[in-house]
**Q** 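Next up is a structure, given as structure tokens.
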Amino acid sequence: MDFTYIPSTCPYCGTGCGINLVVKDGLVKGISPWQRNPVNEGKVCIRGNKSFEFVNRAERITTPLIKRDGKFVEASWEDAYKEVAAKLKAAKGDEIGCIASARTCNEDNYVFKNFAANVARTANIDYCGRKCNADAVNGLIEAFGHGAMTNSIADISRSKAILIVGSNPLDENPLAGRRVIMARKNGAQVIVADARTSATAKIADFHIAINPGTEVAFLNGIAAAIISEGKENKDFIAKKTADFDMYKAALAPCTPAVVAKICGIAEDAVTKAAELFTAARPASVITSAGAASAGLVRACANLALLTGNVGVAGAGVNLFRGKSNAQGALDVGCVPADNGHSVPAMIEASAAGKIKALYIMGENIASAGADVAAALDKVGFLVVQDMFMTETAAKAHIILPSASFAERDGTVTNSERRVQRVRKAVDPLGSSKADWQIVCELAKVMGSDFAFKNAEEIFNDIAKNVPTYAGITYARLEAPEAVQWPAAGGKFGTAVLYTDTFSTKDGKGAFAAVEYRAGDAVSKEFPFAVAAQWPMGTLSKNTASLVREFPGPRIIINKADAKTLGVNPGTLVKVSGKTCSATFAADVTSGIKAGVVSLPFTFSAPAVMLEKTEDA
Amino acid sequence: MAKKGDMLYAWTNDADIKKNAELGGAVTAIWKYALDNKAIDAVLVISKGADLYDAKPTLVKTSAELTNTAGSLHCGTLLLPKLIKKYFDGAADMKIGVTVKGCDAMAFYELAKRKQINLDNIVMIGVNCGGSVSPVLARTMITDKYGVDPDTVHKEEIDKGQFIIEYEGGHKGISVDELEESGYGRRSNCRRCKMKIPRQADLACGNWGVIGEKAGKATFVEVCSDKGAKLVDGAVKSGVLATEAAVSKGLEIRGKVEGAMLKLGEKWRKHDFEALGEGKDRLKKIMAETSRCIKCHSCISACPICYCVDCTTRNPAFVTPGEVPPNFMFHLIRFAHIADSCVNCGQCQELCPSEIPNALFMHSQQVELEKMFGHTPGVSMELPLMAYAEEKTERARLHNTGSDMIYENVFNPVKGH
């Protein structure tokens, strides 16, 4: 009997917890705590705890599948590659779209990007993080220089004041949420702005139930209140920042009265939040991929600059990521080239029949709504690389089966810029292959030999070509601390960015006027505002223990609203927005603001109407 | 011939083992003998993973691999018996040797009485344990308190009340008391532990009581079972081990060290339990802290008492699926099912992402239950309280307390015990 522990990185969220895969006689039998990993010290959330289950699931796709007369037929890799190659060659570059993945490794995304540029010859490359990550990251790039968390997950426990907006880390990024708990134990004041009384709101010292979508107004209000009290960090602003006067002038209309009205909160809530946030240092702002837009992240950055909370441990703007490699996919360059389409633009072009061939790696974009699913139906040739028959894979003409994280080597980069190893613990199931290997083999069939023999060789190429990854090698990643980019910051890289200067062109932190835009607010027709909740994804849906815990998408509705509508717990409610409609079972609770409902963020409508359909 | 109750000094004659092993290499030598003579199929030991701070369970099947595993790791906060239940079918078809700490030994007994592990197939060599330190905290401690880069440390030990490191620049020791006062040091369950010499094992080994010219060159071995005696005899006969009777002064010193450790454990219990308050105050504290739970199920996965195929905490009638934090029933279920048998191994606390002092809560209840009912978990094959509970009698007893607040009763220490 063989029994070994293989250290790896959890495949779920962007916290990047370390886990040990327990391997017995060539099979992954469980996960065991890896106490030595500095991110989570052996602790995991329920997803991490069950992260081995999908690896051995019978539903895994284990051979290439080609659709013939509407049915999938098993095929050899050779035949599958030949057919994909022929179809891709038949399309012109701008008729091809490539969608990379926030949950596959850096190595996969890097060769995929090269495939798009040099083999498919298209500028249309992007990754699913577009909708919730890439825009948000731009806000950070413009304000500070780098598109990532300024600080480290661990140093949040040193914060003395924490403002959490657009994020519910205890649920979404639990082991990052743990650091908020630790900070509170160390005396920090925790402020949470959320229409839901989320798990995180429940541990807060001050919970403000702002209307969904009004986060920018709320942050501007806090900033205006800080300035009107003269509590801005004048020295820091003078020495380290640019464009303060412009920013200050733009904040003039953001009085507590105006902000309170927009956010649906009491006036003194804005001033109290400002007071708590400036009462102690270091103070940090936490937001997350799900809710963040460029505007929201920029407003967070403004607040950090205003109070001089950048460049020290326990401070900063901390953007938590949804998927395990949302950071890395962006780092290695899976973004549209010049004039290339982003994911939403590719979907639009697909719907218009302008995309003839679409190559999707490790993403289930069809789950993002009926309009996306319909657009995929219009694509002439769809090739999907995945482990499971997702809604997207089901629409494919060819499916290329990829290996799970436990069956291949690679790296993923978590929210705090830590590049960590994923290690091959067992052989790939069936004839599935590592994503990078599939891409390289397909490239070869199409006449381009990438000549990578293993994941490490690809990584070395990444280190050569991606400046923030310079100096990182697999050898350096053997230490459990691994490396936080930029690597030059120390033995384990850089825990806190901008300790000296910012990485913007002029070395200064840039303020920006961020205006609150009302968007599609509630109306008579659509009377309920929507607060987004994280949906279940491909991995969770294929994990029995998680399906049992989270039986399906729910609408969360306030008790009083439910009473008015005659909705009971479990009642099926038809939810309609301007462009979409779906039915969800109801969770009735006092833990959400009246007039607000919570829906999975794949249901994209800012305001909805509700109709009771039937009781469960 | 060795027999149960013998107190010995033991060391190896094997040159290879001598080179790497600590304290004369007796434990490694006994495992070598057991493997070579097929007394066991494999040994499950802790070895170094990524570095000195990374404790990794390793299955050793031939004696040649043993030399890589010798030595103690104070960052080894793992509990091995649950692994044997989960991944080795509870040793149903395989004879496994295990080097155990006190908490491991107790956990083995508890799992065995629940028929989750076949102890007939387990050979335990116990090692004295003064407590273990969580690895990331240990590194921070070495950086902050010792001013040393933890990556330059090649050896650490706890000796004479000090945590001592050997590193490139020499060696440095700081008293454990001082470290613990500043928030470092041993895990809190280890501080409260009173199972310093695991006599439930077949052999209880350590360096306490090894004096004179034998100091550092031999291991003190207390023979705790016939199985243990047979192992020692076999190893001696095969030539890999040498023994002699421990001197009386050594016995005395060993007793003194153990006594001092037990006293310290008692001090920490008093400190920790008193801080929890009593009765309703204690309940309130527990409810406040557990209200942060994110229901990761790690406390359940790791607990050596939990063995149900389907945990009651997953019954939607008691705990609503998907609700975070779960209602207090989640924790009540755990208390009701485990508290009488908690061995204070600390896993539920060390692995809690919400920083809930779970082990403290469970241990504090176990101690009260022990006072009430006289049942001590982890030391014998005596069944846990729940196995004896006569429901009618028990309901009547609780009724007679004049309160239906079962947990209030449990948390109220029994006077006069």
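So that the names make sense, note that chain A is the first sequence line, chain B the second, and so on, each numbered from 1.
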**Q** Sort out for me which of A:D2, A:N49, A:N37 touches chain B most, counting heavy-atom pairs under 4.5 Å.
**A**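 Max contact count across the listed options: A:N49.
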**Q** May I ask you to name which of A:K50, A:M182, A:K491 has the most heavy-atom pairs under 4.5 Å with chain B?
**A**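 Looking at each option in turn, the highest pair count goes to A:K491.
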**Q** For residues 302-322 of chain B, pull every pair meeting salt bridge (charged side-chain N to carboxylate O under 4.0 Å, His left out), keeping only residues two or more places apart or in separate chains.
**A** A:R548-B:D310, A:E549-B:R314
**Q** Does the side chain of A:E41 come under 3.5 Å of the side chain of B:S134 through a donor N or O and an acceptor N or O?
**A** no
**Q** Does A:D155 come within less than 4.0 Å of A:R158, counting only side-chain N to carboxylate O?
**A**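 Answer for the salt bridge query: no.
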**Q** Give a yes or no on whether the backbone of A:N168 and the side-chain of A:E172 come within a donor-acceptor separation of less than 3.5 Å.
**A** yes
**Q** Please classify the contact of A:L27 with chain B as side chain, backbone, both or neither, using a heavy-atom distance under 4.5 Å.
**A** neither
**Q** Under a 3.5 Å threshold, yes or no: a donor from one side chain and an acceptor from the other, between B:N189 and B:Q347?
**A**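 No, B:Q347 and B:N189 have no side-chain donor paired with an acceptor closer than 3.5 Å.
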**Q** Could A:R423 and A:D409 be called an ion pair, given the rule that one side-chain N must be under 4.0 Å from one carboxylate O?
**A**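 Judged by the 4.0 Å cut-off on N to carboxylate O distance, A:R423 and A:D409 do not form a salt bridge.
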**Q** Shorter than 4.5 Å, heavy atoms on both sides: which option in B:E323, B:R139, B:E350, B:K56 has the most such pairs with chain A?
**A** B:R139
**Q** Quick check for you: among B:S354, B:P57, B:A302, which has the greatest number of heavy-atom pairs under 4.5 Å with chain A?
**A** B:P57
**Q** Is it the backbone or the side chain of A:I203 that comes under 4.5 Å from a heavy atom of chain B, or both, or neither?
**A** side chain
**Q** Could you check whether A:K559 and A:T589, counting side-chain N and O atoms only, form a donor-acceptor pair closer than 3.5 Å?
**A** no
**Q** Could you look at B:I294 and say if it's the side chain, the backbone, both or neither that has a heavy atom under 4.5 Å from chain A?
**A** side chain
**Q** Quick check on the interface: out of B:L78, B:T320, B:T58, B:D151, who has the most heavy-atom pairs with chain A under 4.5 Å?
**A** B:D151
**Q** Which residues in residues 3-18 of chain A have any heavy atom closer than 4.5 Å to a heavy atom of chain B?
**A**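 Residues A:F3, A:Y5 are the ones that qualify, each having a heavy atom under 4.5 Å from chain B.
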**Q** Sequence neighbours left out, what passes side chain to side chain donor-acceptor pair (under 3.5 Å) with A:K424? Give chain and number order.
**A** A:D427
**Q** At a 4.5 Å cut-off on heavy atoms, which part of B:K61 comes close to chain A: side chain, backbone, both, or neither?
**A** side chain
**Q** In terms of heavy-atom pairs under 4.5 Å with chain B, which of A:G30, A:A479, A:S198, A:P38 leads?
**A**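 Highest number of heavy-atom pairs under 4.5 Å: A:G30.
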**Q** Below 4.5 Å from any heavy atom of chain B, which atoms of A:S32 appear? Answer side chain, backbone, both or neither.
**A** side chain
**Q** Using heavy-atom distances under 4.5 Å, tell me whether A:K29 contacts chain B through its side chain, its backbone, both, or neither.
**A**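 Contact with chain B: backbone and side chain both.
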**Q** Search all heavy atoms of B:I122 against all heavy atoms of B:A91 and return the closest pair with its distance.
**A**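 Closest approach of B:I122 to B:A91, heavy atoms only: CD1-CB, 3.7 Å.
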**Q** With a 3.5 Å cut-off and no angle check, do the side chains of A:W34 and A:N40 form a donor-acceptor pair?
**A**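 Not at all, the side chains of A:W34 and A:N40 share no donor-acceptor pair under 3.5 Å.
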**Q** Given heavy-atom pairs under 4.5 angstrom as the criterion, report whether the side chain, backbone, both or neither of B:D51 touches chain A.
**A** side chain
**Q** Which residues pass the side chain to side chain donor-acceptor pair (under 3.5 Å) test with A:Q35, not counting sequence neighbours?
**A** none
**Q** Could you tell me which portion of A:V44 (side chain, backbone, both or neither) has an atom closer than 4.5 angstrom to a non-hydrogen atom of chain B?
**A**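 Contact with chain B is through both the backbone and side chain of A:V44.
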**Q** State plainly whether the residues B:E355 and A:R184 are in salt-bridge range, i.e. N to O under 4.0 Å.
**A** no
**Q** More than 12 heavy atoms of other residues, nucleotides or ligands under 6.0 Å from NE2 of B:H154: is that the case?
**A** yes
**Q** So what's closer than 4.5 Å to chain A heavy atoms on B:D149: side chain, backbone, both or neither?
**A** side chain
